[in-house]
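Everything below concerns the one structure shown next.
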Protein chains: 2
Amino acid sequence: MSAAESRPVSIFDVAKLAGVSHQTVSRVINDSPQVADATRARVNAAIAELGYRPNRSARTLAGGAVRSVTVLTTDTSLYGTAETLRGIEDAARANGFTVLISVLDPAETYDEDEILARIPHDGAPAIVIAHDDTTVRAMRVLQKSQTHTTVATGGEHLGIELDGADWLVSLDDRTVAARATKYLLDMGHRNVHYLAIPSKASRQAGWTAALEEAGIEPSPVVHSGWTVGSAYEAALELVADPDVTAILCGNDDLAFGVLYAAHKTGRDVPGDLSVIGFDDSPLAAYHVPPLTTVDLDFRGVGRGAFELLRQKLESGGQPRPTWRSPELIVRETTGPADRRSAPKGKP
Amino acid sequence: MSAAESRPVSIFDVAKLAGVSHQTVSRVINDSPQVADATRARVNAAIAELGYRPNRSARTLAGGAVRSVTVLTTDTSLYGTAETLRGIEDAARANGFTVLISVLDPAETYDEDEILARIPHDGAPAIVIAHDDTTVRAMRVLQKSQTHTTVATGGEHLGIELDGADWLVSLDDRTVAARATKYLLDMGHRNVHYLAIPSKASRQAGWTAALEEAGIEPSPVVHSGWTVGSAYEAALELVADPDVTAILCGNDDLAFGVLYAAHKTGRDVPGDLSVIGFDDSPLAAYHVPPLTTVDLDFRGVGRGAFELLRQKLESGGQPRPTWRSPELIVRETTGPADRRSAPKGKP
DNA sequence: CTGATGATCGTGAGCGCTAACATATGCTTC
DNA sequence: GAAGCATATGTTAGCGCTCACGATCATCAG
């Protein structure tokens with residue numbers, strides 16, 4: 001049937017068995033139309049009989065069509081990253097691509113060489129899931145090389161130079177952030193505070209814009225790490241302040257940290273305090289209370305990033321960037337202001 | 001400095017510039033001791049000047065030492081999987097290996113060919129993160145081929161044949177499951193129920209064993225999917241039963257679902273109901289109330305799986321499987337029984 | 001019936017690298 | 001100072017595949 005021999009079967013073994021040249025076998029496995037049906041059938045039979053399977057390295061080396069993408073990212077356990085990855089994988093698989101993943105350490109600083117060493121060879125296509133300094137830097141390095149690169153990002157703008165770049169797939173989370181902020185304002189909150197994730201924030205920009213439009217001076221942003229724990233620590237002070245009645249969080253994990261802090265300090269959600277997250281992670285709907293959050297289509301971002309790359313690879317053209325519009329999902333961590341606590345002064 | 005030319009620089013370009021043969025360059029980039037220091041320096045200078053970077057495909061094809069592992073898994077967004085992956089990556093990077101990830105769809109049934117097509121070529125080393133039917137099947141397929149395979153698993157035994165296999169890295173979650181069950185029993189609970197994840201369960205075995213040791217007839221296992229939502233659905237009935245005072249859950253996500261169900265049905269945790277999870281996921285400590293769970297060293301499992309593979313690759317020997325001992329972390333979802341609700345009959 | 005045309009297939013070269021062997025050198029050793 | 005041996009480098013072949021071409025054959029217009 002297959003395997004078990006010493007040396008793996010090659011295209012030549014198949015060719016011999018099928019009574020054709022190795023090139024014809026190559027044509028068959030590459031779906032070339034230039035092969036007679038009868039021949040194709042014979043070759044396929046030989047392939048099946050020998051259990052032949054093309055060697056990917058050889059194909060790459062021989063310079064055929066590109067069939068793999070390298071994904072550069074940092075933390076694969078972040079919800080956004082994981083989902084984006086999943087989207088890339090789905091799309092890649094559907095197109096017969098192999099996905100190679102290389103994980104960078106957010107705490108480390110890499111020089112150019114170290115970044116470039118992550119891709120299989122110079123010029124190999126890559127996708128960067130960018131959401132922190134390390135990945136943004138990686139992206140810049142790849143951009144300078146002759147590599148075809150696409151960037152998938154959860155929506156953070158990551159700095160001016162990337163805005164409008166033609167290889168960017170992103171989420172318009174700036175607009176939703178503004179919408180979410182306005183939503184809170186419309187419910188009577190005098191102010192909305194922002195607990196930020198470590199990356200440059202378009203979410204923060206949306207929040208600022210919405211406040212300014214309402215004539216409210218944005219209060220200083222509170223910074224948190226990526227973990228629930230860090231959000232908890234960062235939010236303790238904020239939550240303890242009775243003047244704070246609404247907090248917009250950089251993502252769901254941070255929101256969970258805030259919720260825990262609220263619980264610890266005895267503030268009722270949503271009675272005393274409204275909280276909004278970002279991501280709509282699987283737990284959001286089942287938290288106690290269920291979290292009001294923003295549904296970010298990370299998988300769509302991943303798929304889009306791959307599509308963009310594929311188009312660049314095929315047509316060499318300049319596909320335009322895609323922007324996806326997320327949606328606010330109202331659940332039970334948000335409510336009208338002034339339901340119980342006084343907006344000013346501690347009574 | 002580098003890049004920007006038409007054809008990427010090869011080993012020959014470096015050789016010419018350094019005034020040596022290509023083989024000497026090869027020796028340098030492979031850290032062969034057989035090169036004079038002066039020559040090595042000259043070659044390294046040429047490498048730096050040209051921005052040379054070895055082509056991975058060519059190296060693989062030429063049959064040098066193996067430098068990449070393919071990881072087969074299903075859901076990368078599951079906490080256990082993601083962490084295991086992370087462990088593999090850490091270890092792989094430290095050893096100069098490239099990690100190739102191929103994600104299988106748990107809902108799909110793959111035939112042998114489709115599985116084998118996931119690895120770069122016949123015989124390429126692979127690690128399977130096994131925790132469901134699809135990955136277990138993948139593992140069997142790889143095992144039959146001449147591929148070097150290691151299996152990393154969160155501890156589910158996955159069927160008799162795998163017990164004691166010499167290529168398995170696992171967690172002794174059977175023992176902790178028993179310990180956790182006993183812990184609940186010792187607190188006065190008359191019974192402990194089990195909400196199961198979809199895979200074959202050593203955790204379940206531990207639970208059964210502990211109950212039987214205590215002379216208690218295990219009640220029927222309640223089955224859940226992997227998502228919080230499915231756990232919630234599955235647990236509703238269980239939670240509504242006042243006789244049920246303690247539930248051991250297949251993982252943290254399920255526990256969160258149970259907790260939500262308890263909240264919905266008005267049962268107090270830990271007053272009326274004790275809940276234990278598995279994983280110690282990042283949220284566990286910050287849930288309201290904080291979740292009693294088991295710290296499973298998934299990263300360690302991942303690292304171990306890679307180490308095992310490396311040993312097999314190098315020595316060809318038969319390294320023994322590693323079993324890691326997880327720990328019960330008591331937080332606030334567990335408490336003594338009978339604190340409030342009557343053990344039998346609805347009053 | 002001749003040449004042109006298109007479909008089908010084969011041949012040779014080479015992708016960038018490493019293994020295996022061959023070939024210099026220098027340095028011992030008796 | 002010839003034989004022996006280690007050290008340092010070069011040469012050749014080939015991994016498995018695809019590309020660019022060339023060859024073959026049937027078909028068909030003129």
Side-chain angles (χ1 to χ4, degrees), chain A residues 5-44 46-47 50-68 96 98 117 119-124, chain B residues 5-44 46-47 50-68 96 98 117 119-124:
Chain A
E5 291 90 55
S6 54
R7 181 163 314 168
V9 341
S10 84
I11 210 175
F12 285 91
D13 302 317
V14 175
K16 198 162 70 180
L17 181 63
V20 296
S21 78
H22 72 275
Q23 179 56 27
T24 299
V25 178
S26 173
R27 289 194 184 97
V28 170
I29 63 180
N30 284 295
D31 288 322
S32 159
Q34 302 280 76
V35 183
D37 287 347
T39 314
R40 182 185 307 279
R42 217 149 18 98
V43 170
N44 277 325
I47 287 176
L50 295 175
Y52 167 75
R53 203 155 298 105
N55 181 312
R56 232 173 263 165
S57 298
R59 290 178 111 164
T60 308
L61 185 59
V66 184
R67 292 157 199 282
S68 70
T98 302
I119 58 175
H121 58 268
D122 271 16
Chain B
E5 292 89 55
S6 54
R7 182 164 314 167
V9 341
S10 84
I11 211 176
F12 286 91
D13 303 317
V14 175
K16 198 163 70 180
L17 182 63
V20 296
S21 78
H22 72 276
Q23 180 55 26
T24 299
V25 178
S26 173
R27 289 195 183 96
V28 170
I29 63 180
N30 285 296
D31 289 321
S32 159
Q34 303 279 75
V35 183
D37 287 347
T39 314
R40 182 186 306 279
R42 218 149 18 99
V43 170
N44 278 325
I47 288 176
L50 295 175
Y52 166 76
R53 204 155 298 104
N55 182 312
R56 232 173 262 165
S57 299
R59 291 180 110 165
T60 310
L61 186 58
V66 184
R67 293 158 199 279
S68 69
T98 301
I119 58 175
H121 58 270
D122 273 16

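Reminder, nothing fancy here: chain letters follow the sequence lines and each chain counts from 1.
- Note: CG (A:Asn30) to C1' (C:dC9) measures 16 Å, nearest angstrom.
- Out of C:dG10, C:dC21, C:dC15, the shortest distance to the side chain of B:Arg27 is found at C:dC21.
- Dashed line: the shortest gap from a side-chain N or O of B:Ser10 to OP1 or OP2 of C:dG16 is not under 4.0 Å.
- With DNA chain D read from its 5' end, the first of the two nearest nucleotides for A:Ser26 and B:Arg42 is the one closest to B:Arg42.
- Here the straight-line distance linking atom CZ of A:Arg40 with atom CD1 of A:Ile47 works out to 10.0 Å at 0.5 Å rounding.
- Here D:dA8 presents its C1' atom at 12 Å from CG of B:Asp37, a figure rounded to the nearest Å.
- In this entry the distance linking CD of B:Gln34 with P of C:dT25 reads 18 Å, nearest Å.
- Rounded to whole Å, the distance from CG on A:Asp13 to P on D:dC15 is 11 Å.
- Between the CZ atom of B:Phe12 and the C1' atom of C:dT18 there is a distance of 11 Å, given to the nearest Å.
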Which is it for B:Thr39 and B:Arg27 under the side chain to side chain contact (heavy atoms under 4.5 Å, CB included) test, yes or no, and what are the steps along the way? CA-CA 11 Å; B:Thr39 314; B:Arg27 289 195 183 96; over 6 Å; no
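- Nearest-nucleotide positions on DNA chain C place A:Gly19 closer to the 5' end than the other of B:Arg67 and A:Gly19.
- If you check the side chains of A:Arg56 and A:Ser68, you find no donor sitting under 3.5 Å from an acceptor.
- The shortest distance between the side-chain N/O atoms of A:Asn55 and the OP1/OP2 oxygens of D:dC15 is not below 4.0 Å.
- With distances taken from any side-chain atom of A:Ala62 to the nucleotides D:dG10, C:dT8, C:dC15, the minimum falls on C:dC15.
- Between A:Leu61 and B:Ala58, the shortest heavy-atom contact is CD1-CB, 3.7 Å.
- Where the helix from C:dC1-D:dG30 to C:dC30-D:dG1 starts and where it ends, the local axes point in directions that differ by 40°; five pairs per end, rounded to 10°.
- Side-chain atoms of B:His22 lie closest to D:dA13 of the nucleotides D:dC17, C:dC9, D:dA13.
- The side chain of B:Ser21 places no N or O atom within less than 4.0 Å of a non-bridging phosphate oxygen (OP1 or OP2) of D:dT11.
- A:Ser10 places a side-chain heavy atom less than 4.5 Å from the side chain of A:Asp13.
- The interatomic distance linking A:Asp122 (CG) with C:dG16 (C1') rounds to 12 Å, in whole Å.
- A straight line from CG of B:Leu61 to P of D:dG16 spans 7 Å, rounded to a whole angstrom.
- Side-chain proximity of A:Thr39 to the nucleotides C:dG16, C:dT8, D:dT18 is greatest for C:dT8.
- Here the nucleotide nearest the side chain of A:Gln23, chosen from C:dC9, C:dG10, D:dG10, is C:dG10.
- Candidate nucleotides D:dT9, D:dC15, C:dC9 were compared by shortest atom distance to the side chain of B:Ala36, and D:dT9 ranks first.
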Verdict with reasoning, B:Ile29 to B:Arg59, per side chain to side chain contact (heavy atoms under 4.5 Å, CB included): CA-CA 11 Å; B:Ile29 63 180; B:Arg59 291 180 110 165; 4.0 Å; yes
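- Put simply, CD on A:Gln34 and OG1 on A:Thr24 are 11.0 Å apart, with the number rounded to the nearest 0.5 Å.
- Taken from CG in A:Asn44 to CG in A:Asp37, the straight-line distance is 10.5 Å, to the nearest 0.5 Å.
- Between the C1' atom of D:dC15 and the CZ atom of B:Arg56 lies a distance of 19 Å, rounded to the nearest Å.
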